Amino acid sequence: SSSGQAGHSFRRKPVIIIVVGMAGSGKTTFLHRLVCHTQASRICGYVLNLDPAVMTLPYGANIDIRDTVKYKEVMKQFNLGPNGGILTSLNLFATKFDEVIQVIENRADQLDYVLVDTPGQIEIFTWSASGAIITEAFASTFPTVVAYVVDTPRSSSPVTFMSNMLYACSILYKTRLPLVLAFNKTDVAQHQFALEWMEDFEAFQAAMRSDDSHMSTFAQSLSLVLDEFYKNLRSVGVSAVSGAGMDAFFKAIEASAEEYMETY
Ligand code: GTP
């Protein structure tokens, strides 16, 4: 049903959730969990898979890049390696992305969220022209939020934590979209330490000093940059395996969508 209003006035629904994360962070398992949660809560989630190279998905995707682009054939045709093949497949898909937006717009009234899975190698999406085109196409049409999945047990050392946060920070400034940090695998390690480091600069500095090596001035400067970054995001602890933290995650998404509506 058209309201008769043209163009730029955003409809509230659906909210696009672009899920990114380092390889092994549990992105696909997390997305599966989100799909289960939406189904159980009678929320309507629409799933878009943007990973052309994934063999099997644990969830059913409503729109799947693999239906349009055959990654193995792209590799052969353009004589590319695996990463080049994924990137070229994503480029080919990006040229038709207006059709994807159209499909979602046609169903907008019935959809609450669109859950977007991205290629396993994070930089293929976050540092490519097609990733930027796709993100921009979403963000100019719907409230759009980036969910950055963090492997919590593997981020427990201050240096690893800082590297991971610097990467998240670069995504925030590149997309300029609201960002939610999903500290995953809290069934293995609680994310309390991360919250403490993010809230208390001194605590992080102390952890850095007690880490094996000395604290360089460079690392100190970087942690100051991050302190500013932390003020611009929301963090939740989740477990894709146990399902913990789903309500908190969707609350953070809602607040981020509100922020989007106010800012853009
Ligand atoms: P792709 O890059 O798309 O393949 O996803 P991914 O590599 O980011 O993560 P995937 O979902 O394949 O998960 C990586 C590993 O982490 C798997 O062995 C998962 O079972 C495991 N994993 C994911 N989420 C959790 C979690 O919440 N808790 C625990 N304990 N393990 C998890």
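Because the structure is predicted, anything quoted here is derived from the model rather than measured. Counting starts at 1 for both ligands and their atoms, following the listed order.
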Participant: State the atoms of ligand 1, each with its element, that fall below the 4.0 Å cut-off from a heavy-atom position in Gly24.
Facilitator: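 Reading through ligand 1 atom by atom, the close ones are 6 (P), 7 (O), 8 (O), 14 (C).
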Participant: Between Thr186 and Ala189, is there a donor-acceptor pair closer than 3.5 Å when you use the side chain of the first and the backbone of the second?
Facilitator: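 No.
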Participant: Identify all side-chain donor-acceptor contacts of residues 89-104 below 3.5 Å with residues at least two apart in sequence or on another chain.
Facilitator:
from   : atom 1 : to     : atom 2 : distance (Å)
Ser89  : OG     : Gly85  : O      : 2.7
Asn91  : OD1    : Ser130 : OG     : 2.8
Thr95  : OG1    : Leu92  : O      : 2.6
Gln102 : NE2    : Asn106 : OD1    : 3.2

Participant: Let me confirm one number: the CG-CG distance from Leu48 to Leu115, rounded to the nearest 0.5 Å.
Facilitator: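 Those atoms lie 9.5 Å apart.
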Participant: Taking NZ, NE, NH1 and NH2 as the nitrogens, is one of them in Lys13 or Asp112 under 4.0 Å from a carboxylate oxygen of the other?
Facilitator: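 Salt bridge between Lys13 and Asp112, a charged N being under 4.0 Å from a carboxylate O: yes.
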Participant: Starting from atom 28 (N) of ligand 1, find the nearest protein heavy-atom neighbour and note its residue, name and distance.
Facilitator: Asp187 OD1, 2.7 Å
Participant: Among protein heavy atoms, which lies nearest atom 2 (O) of ligand 1, and at what distance?
Facilitator: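 Scanning the protein heavy atoms, the shortest distance from atom 2 (O) of ligand 1 goes to Gly120 CA, 3.2 Å.
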Participant: Is it true that a side-chain atom of Asp187 and a backbone atom of Ser242 form a donor plus acceptor pair closer than 3.5 Å?
Facilitator: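 Between the backbone of Ser242 and the side chain of Asp187 there is no qualifying donor-acceptor contact (under 3.5 Å).
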Participant: In the hydrophobic clustering that connects Ile, Leu, Val, Met, Phe, Trp and Tyr at side-chain heavy-atom distances below 4.5 Å, which members other than Met55 occupy its cluster, ordered by chain and number?
Facilitator: none
Participant: Test your reading of the structure: does Val238 have an N or O sitting under 3.5 Å from an N or O of ligand 1?
Facilitator: no
Participant: Less than 6.0 angstrom separating the ring centers of Tyr113 and Phe250, yes or no?
Facilitator: yes
Participant: Atom 1 (P) of ligand 1: which protein heavy atom is closest, and how many Å away?
Facilitator: Thr28 OG1, 3.4 Å
Participant: Assess Gly21 for proximity to ligand 1: is some non-hydrogen atom of it under 4.0 Å away?
Facilitator: no
Participant: Considering distance alone, does some N or O of Asn184 sit under 3.5 Å from an N or O of ligand 1?
Facilitator: yes
Participant: Quick one: does Met22 get a heavy atom under 4.0 Å from ligand 1?
Facilitator: yes
Participant: Measure the distance from atom 21 (C) of ligand 1 to every protein heavy atom, then report the residue, atom name and distance (to 0.1 Å) of the closest one.
Facilitator: Lys185 NZ, 3.9 Å
Participant: Apply side-chain hydrogen bond (donor to acceptor under 3.5 Å, both in side chains) to Glu105 and Thr141, showing your working.
Facilitator: CA-CA 9 Å; Glu105 274 195 309; Thr141 321; 5.5 Å; no
Participant: Counting only nitrogen or oxygen atoms and a 3.5 angstrom limit, does Val188 reach ligand 1?
Facilitator: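 Val188 vs ligand 1: no N/O contact under 3.5 Å.
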Participant: Give the cluster check for Val188 versus Leu181: same hydrophobic cluster or not, with ILVMFWY residues linked at side-chain heavy-atom distances below 4.5 Å.
Facilitator: no
Participant: Can you confirm whether or not the ring centre of Phe249 sits under 6.0 Å from the ring centre of His37?
Facilitator: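 Ring-ring flag for Phe249/His37: false, centres at least 6.0 Å apart.
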Participant: Do Asp51 and ligand 1 have an N or O pair less than 3.5 Å apart?
Facilitator: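 No: no nitrogen or oxygen of Asp51 is under 3.5 Å from one in ligand 1.
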Participant: Identify the closest protein heavy atom to atom 31 (N) of ligand 1: which residue and atom is it, and at what distance?
Facilitator: Val241 CG2, 3.7 Å
Participant: Just to confirm my output: which protein heavy-atom neighbour is closest to atom 11 (O) of ligand 1, and how far is it?
Facilitator: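 Here the nearest protein heavy atom works out to Thr29 OG1, 2.5 Å.
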Participant: What protein heavy atom is closest to atom 27 (O) of ligand 1, reported as residue, atom name and distance in Å?
Facilitator: Ala240 N, 2.8 Å
Participant: Just to confirm, does any protein heavy atom lie below 4.0 Å from atom 13 (O) of ligand 1?
Facilitator: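 Yes, there is a protein heavy atom closer to it than 4.0 Å.
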